[in-house]
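Let me begin by presenting the structure, written as structure tokens, before commenting on it.
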Amino acid sequence: MAMGVAGDLVQQHYEILTDREDSWKPVRTAHMGAAGLTTGVLTHYWYILVDVFIPGSSLRCIIKKVLYDQILFSPINLTVYFGTVAILEGSTKHLKDELLEKGKKIYTAEWIVWPPAQFINFYLLPLRYRVLFDNFISFGFDIYSPYVKYRCKLKNEVVIDES
């Protein structure tokens, strides 16, 4: 939760400094915190489940863990992230479009960052440190995700120029 709040605060501060926004939006920050809480809890139990079903630390096991994490878990995690925010904002009718367009942007970025990070996470770290390491790496995504969520427009959204 704290990481989602911190990431959104950094992103909003940047938006204010670059004159994209006039002021801080505390409700948005609360939504990012709630999304961080739901995805954080999910991630914690995911790591436990992965170790139960793919025990060991051989190279073969680690590759399986990384691939399952990226191919199976990441889309679920993104669905929970966007779903949590959509429910809180009362905007579930746009959830599918957000997942397909905005989720794809985040998912693409995840393919660059997460496989090497998760290799380190699964290969070198004991289970009790994985969520902490994950949070460290996730902080970048906690800044990037609100940018994608709130600054990137959907294809079917009309942008009105108020100048």
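Atom set for the values below is all heavy atoms of this structure, side chains included, hydrogens, waters and symmetry mates excluded.
Contact detail for Gln118 and Asp69: the closest heavy-atom pair is NE2-OD2, 2.9 Å. Heavy atoms only, all atoms of each residue included: Tyr81 and Pro146 are closest at OH-N, 3.7 Å. Here the closest non-hydrogen pair linking Leu95 and Gly83 is CD1-N, 3.7 Å. Residues Ser57 and Ile62 approach most closely at O-CG1, 3.8 Å, considering heavy atoms. Of all heavy-atom pairs spanning Val66 and Phe119, the tightest one is CG2-N, 3.6 Å. Closest non-hydrogen pair, Leu154 versus Glu101, comes out as CA-OE1, 3.3 Å.
Side-chain contact check for Trp114 and Ser74: no donor-acceptor pair (N or O, by modelled atom type) lies under 3.5 Å. Judged by distance alone, the side chains of Asp142 and Ser138 never bring a donor and an acceptor atom under 3.5 Å apart. For the 3.5 Å distance criterion, the side chains of Asp8 and Gln11 fail to qualify, holding no donor opposite an acceptor.
By the criterion of side-chain heavy atoms lying less than 4.5 angstrom apart, applied directly or through intervening Ile, Leu, Val, Met, Phe, Trp or Tyr residues, Val80 is grouped together with Tyr107 in one hydrophobic cluster. One hydrophobic cluster, built from ILVMFWY side chains closer than 4.5 Å, cannot hold both Ile143 and Ile16; they sit in different ones. Hydrophobic clustering (side-chain heavy atoms under 4.5 Å, transitive across Ile, Leu, Val, Met, Phe, Trp, Tyr) keeps Val113 apart from Phe139. Both Trp46 and Val52 are part of a single hydrophobic cluster, where members link through side-chain heavy atoms under 4.5 Å apart. Following chains of ILVMFWY side-chain contacts shorter than 4.5 Å, one can reach Ile48 starting from Tyr68, so the two form part of one hydrophobic cluster.
Salt-bridge check for Glu89 with Lys149: passed, with a basic side-chain N closer than 4.0 Å to an acidic carboxylate O. Ion pair Glu21/Lys25 flagged as a salt bridge, since at least one NZ, NE, NH1 or NH2 atom sits closer than 4.0 Å to an Asp/Glu carboxylate oxygen. The pair Asp97-Lys102 does not count as a salt bridge, with every side-chain nitrogen at least 4.0 angstrom from each carboxylate oxygen. By the 4.0 Å N-to-carboxylate-O rule, Lys93 lies too far from Glu98 to be salt-bridged with it.
Here the NZ atom belonging to Lys64 is positioned 13.0 Å from the CZ atom belonging to Phe53, to the nearest 0.5 angstrom. Atoms NE2 and OH, from His31 and Tyr150 in turn, are 6.5 Å apart once rounded to the nearest 0.5 Å. Going from atom OG1 of Thr84 over to atom CE of Met32 covers 9.0 Å, rounded to the nearest 0.5 Å. To the nearest 0.5 Å, atom CG of residue Leu78 and atom CD1 of residue Ile106 are 6.0 Å apart. Between the OG1 atom in Thr79 and the CG atom in Leu42 there is a gap of 10.0 Å [rounded to 0.5 Å]. Atom-to-atom distance recorded for Tyr144:OH and Arg151:CZ is 14.0 Å, nearest 0.5 angstrom.
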*asked:* Test side-chain contact (heavy atoms from CB on, under 4.5 Å) on Phe141 and Thr39; report intermediate values, then the result.
replied: CA-CA 12 Å; Phe141 282 95; Thr39 58; over 6 Å; no
*List the steps and the verdict of side-chain contact (heavy atoms from CB on, under 4.5 Å) for Trp111 and Ile71.*
CA-CA 9 Å; Trp111 269 99; Ile71 294 168; 3.9 Å; yes
_Determine whether Thr29 and Gln12 satisfy the following criterion, side-chain contact (heavy atoms from CB on, under 4.5 Å), listing intermediate values before the conclusion._
CA-CA 9 Å; Thr29 301; Gln12 284 198 55; 3.0 Å; yes
*asked:* Walk me through whether Leu59 and Tyr123 qualify under side-chain contact (heavy atoms from CB on, under 4.5 Å).
replied: CA-CA 8 Å; Leu59 186 58; Tyr123 192 66; 5.5 Å; no
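Checked against a 6.0 Å centroid threshold, the rings of Phe122 and Tyr47 count as neighbours. The aromatic ring centres of Tyr129 and Phe133 sit 6.0 Å or more apart.
Remark: the backbone N or O of Gly56 is paired with a side-chain donor or acceptor of Lys65 at under 3.5 angstrom. Put simply, the side chain of Ser58 gets close to the backbone of Cys61: a donor and an acceptor are under 3.5 Å apart.
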